[in-house]
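Along the sequence shown, residues are numbered consecutively beginning with 1. Counting convention: from 1, in listed order, for ligands and their atoms alike. Hydrogens, waters and symmetry mates play no part in the numbers below; they use all other heavy atoms, side chains included.
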Amino acid sequence: MSSSRPLLLFNIGQLVTMQSADGRGPRRGEELKELGVIQDGAVLCAGGKIVSTGKTKDALRDGWVKRNRGAVVEIDCRGKLVLPGFVDSHTHPSFISPRLVDFEERIAGASYERIAEAGGGIRSSVEGVRRAGKALLEQKILSSLDEMLAQGTTTVEAKSGYGLSLESELKSLHAIRTAALKWPGTVVATLLAAHAVPLEFEGKPWEYLDLVCEEMIPQAAKRKLAQFVDVFCDRGAFSEEESLRVFESARENGLPVRAHVSQLTRTPLQHLLSFGPSSLDHVDHVDDSDISLLARSNTIATLVPGANHFLGLGKYPPARKLIDTGVAVALATDYNPGSSPTTSMPFVLSLACTQMKMSPAEAIAAATINSAWALRFQRSKGSIEPGKDADVGIFNAKDYREIAYWMGTNSCEAVVANGELVRGQKF
Ligand code: NIG
Ligand code: FE
């Protein structure tokens, strides 16, 4: 709860509220385009929450606002665009160094899988994390979170997954927690100990999974260090059977699940879906039967086109087919040193539109309200509606389509997180 003064944003050119006619579930099909735009809008926030939304002329005539003018911080948005803070529902910020050798090898023609088999890939980020003190890790995470905030992201899911030992996975989760305490937005921590089999367990994935399931998951749950458990279920990572063991353990320890699936090859989804994962992410190699299973479920399919772009794949997840079949789709950066080193949700929206043929409106909905659903935060995040957390971005744009249109520029001028103006100034 914020202790700051109430905040009135007015003269908003386009206020994208994300309010929709139904609003009971994640957005599917046509509903994904409903942005609830108010022209010449205003938003009143108090106690860290949205109090009301409407037209500027009505807000300025409001009795309460008139009586409390001295107490309210007024932000004249001068015709700019206001969006709900982006919800980046898939990131891996707990690492130390970029993977520049992998980058060059891929440019020279090696694939992501080949690089991993040859000793690069996820495992090559492990030593840095194991050697790092918690303070350095925290500093790295916090600076990534700050970069995200500067581009309009106010809620972030942050995974561990480069420690791959009890000590270093818990150290990563601790660093995420302490970085989160210093950051004005909201962070959700996920234990991704089942990201890769570490070198010392080479050829013995089930022994590593004993450690993951009998020690790491129970400890993360008991110490409330993670809100989710994730697993990388794909060729070269963990099999379906191994991943189900991870899900079982998460369930026994009271933690909800999510997974990386079908990024490199097709992952069978049926049994994973029986655990009701909040989200299944990547979904590049899904077939028609997977798509209809996803459409009938409440699981969000989180697309991370930054990874396809950075790996130079030329091929992207079938966003159009997923959306048109009724799958609830979200967008996230997948910020990580191996496949998607970007903190920018606007860049991801741009890729979603140009490469996956999502409309700009669909991309905004996928990056706000549906990604809030993917984190089980749909009641507090992802839209600008009374009672929700006051998380908004103010952009130097007249039209919401500009967010995906301008490539690689940051038009975010100010950010309100949990009711506080945390970036930018009154203008
Ligand atoms: O989401 N696919 C697995 N995990 C990450 C990549 C991690 C890495 O290469 O460091 C992803 O793409
Ligand atoms: Fe990922």
_Counting non-hydrogen protein atoms only, what is the nearest one to atom 11 (C) of ligand 1? Give residue, atom name and distance._
D334 OD2, 3.1 Å
*Aromatic rings H260 and H282: how do their planes relate, parallel, tilted or perpendicular, breaks at 30° and 60°?*
tilted
_Distance filter under 4.0 Å to N336 heavy atoms, resulting ligand 1 atoms_ = 5 (C), 6 (C), 7 (C), 8 (C), 9 (O), 10 (O), 11 (C), 12 (O)
*What do the steps show when you test R114 against E105 for salt bridge (Lys or Arg N to Asp or Glu O under 4.0 Å), and what is the final call?*
CA-CA 10 Å; R114 174 62 62 81; E105 286 180 354; over 6 Å; no
*Is E138 salt-bridged to K182, going by a charged N under 4.0 Å from an acidic O?*
yes
*Got the closest protein heavy atom to atom 12 (O) of ligand 1, with its distance?*
S339 OG, 2.6 Å
*asked:* Only heavy atoms of I122, strictly under 4.0 Å: list the atoms of ligand 1 that pass.
replied: 7 (C), 8 (C), 9 (O), 10 (O)
*Which atoms from ligand 1 have a heavy atom of H90 less than 4.0 Å away?*
1 (O)
*Compare all side-chain heavy atoms of L191 with those of M216 and state whether any distance is below 4.5 angstrom.*
yes
*Are R245 and E214 within salt-bridge range, i.e. N to O under 4.0 Å?*
yes
*Using a 4.0 Å heavy-atom threshold (strictly under), name the region of Y162 that reaches ligand 1: side chain, backbone, both or neither.*
side chain
*asked:* I'd like to know whether the aromatic ring centres of Y400 and F395 sit less than 6.0 Å apart in this structure.
replied: no
_Pair Y335 + H92: ring centers closer than 6.0 Å_ = no
*Number the atoms of ligand 1 from 1 as they appear, then name those within less than 4.0 Å of a heavy atom of H282, with their elements.*
1 (O), 11 (C), 12 (O)
*Which is closest to atom 8 (C) of ligand 1 in terms of heavy atoms, F232, Y112, F310, Y335?*
Y112
*So which protein N/O/S atoms does the Fe ion (ligand 2) have within less than 2.8 Å?*
H90 NE2, H92 NE2, H260 NE2, D334 OD1
*asked:* Exactly one of R320, R401, K357 should register a salt bridge (Lys or Arg N to Asp or Glu O under 4.0 Å) with E362. Which one does?
replied: R320
*F347 ring center near H309 ring center (under 6.0 Å)*: yes
*Do me a favour and list the nearest non-hydrogen protein atom to atom 2 (N) of ligand 1 with residue, atom name and distance?*
Q263 OE1, 2.6 Å
_atom 4 (N) of ligand 1 - nearest protein heavy atom and its distance_ = H195 NE2, 2.8 Å
*Charged N-O contact under 4.0 Å between E385 and R379*: no
*Does CD in E167 sit with more than 12 non-hydrogen atoms of other residues, nucleotides or ligands closer than 6.0 Å?*
no
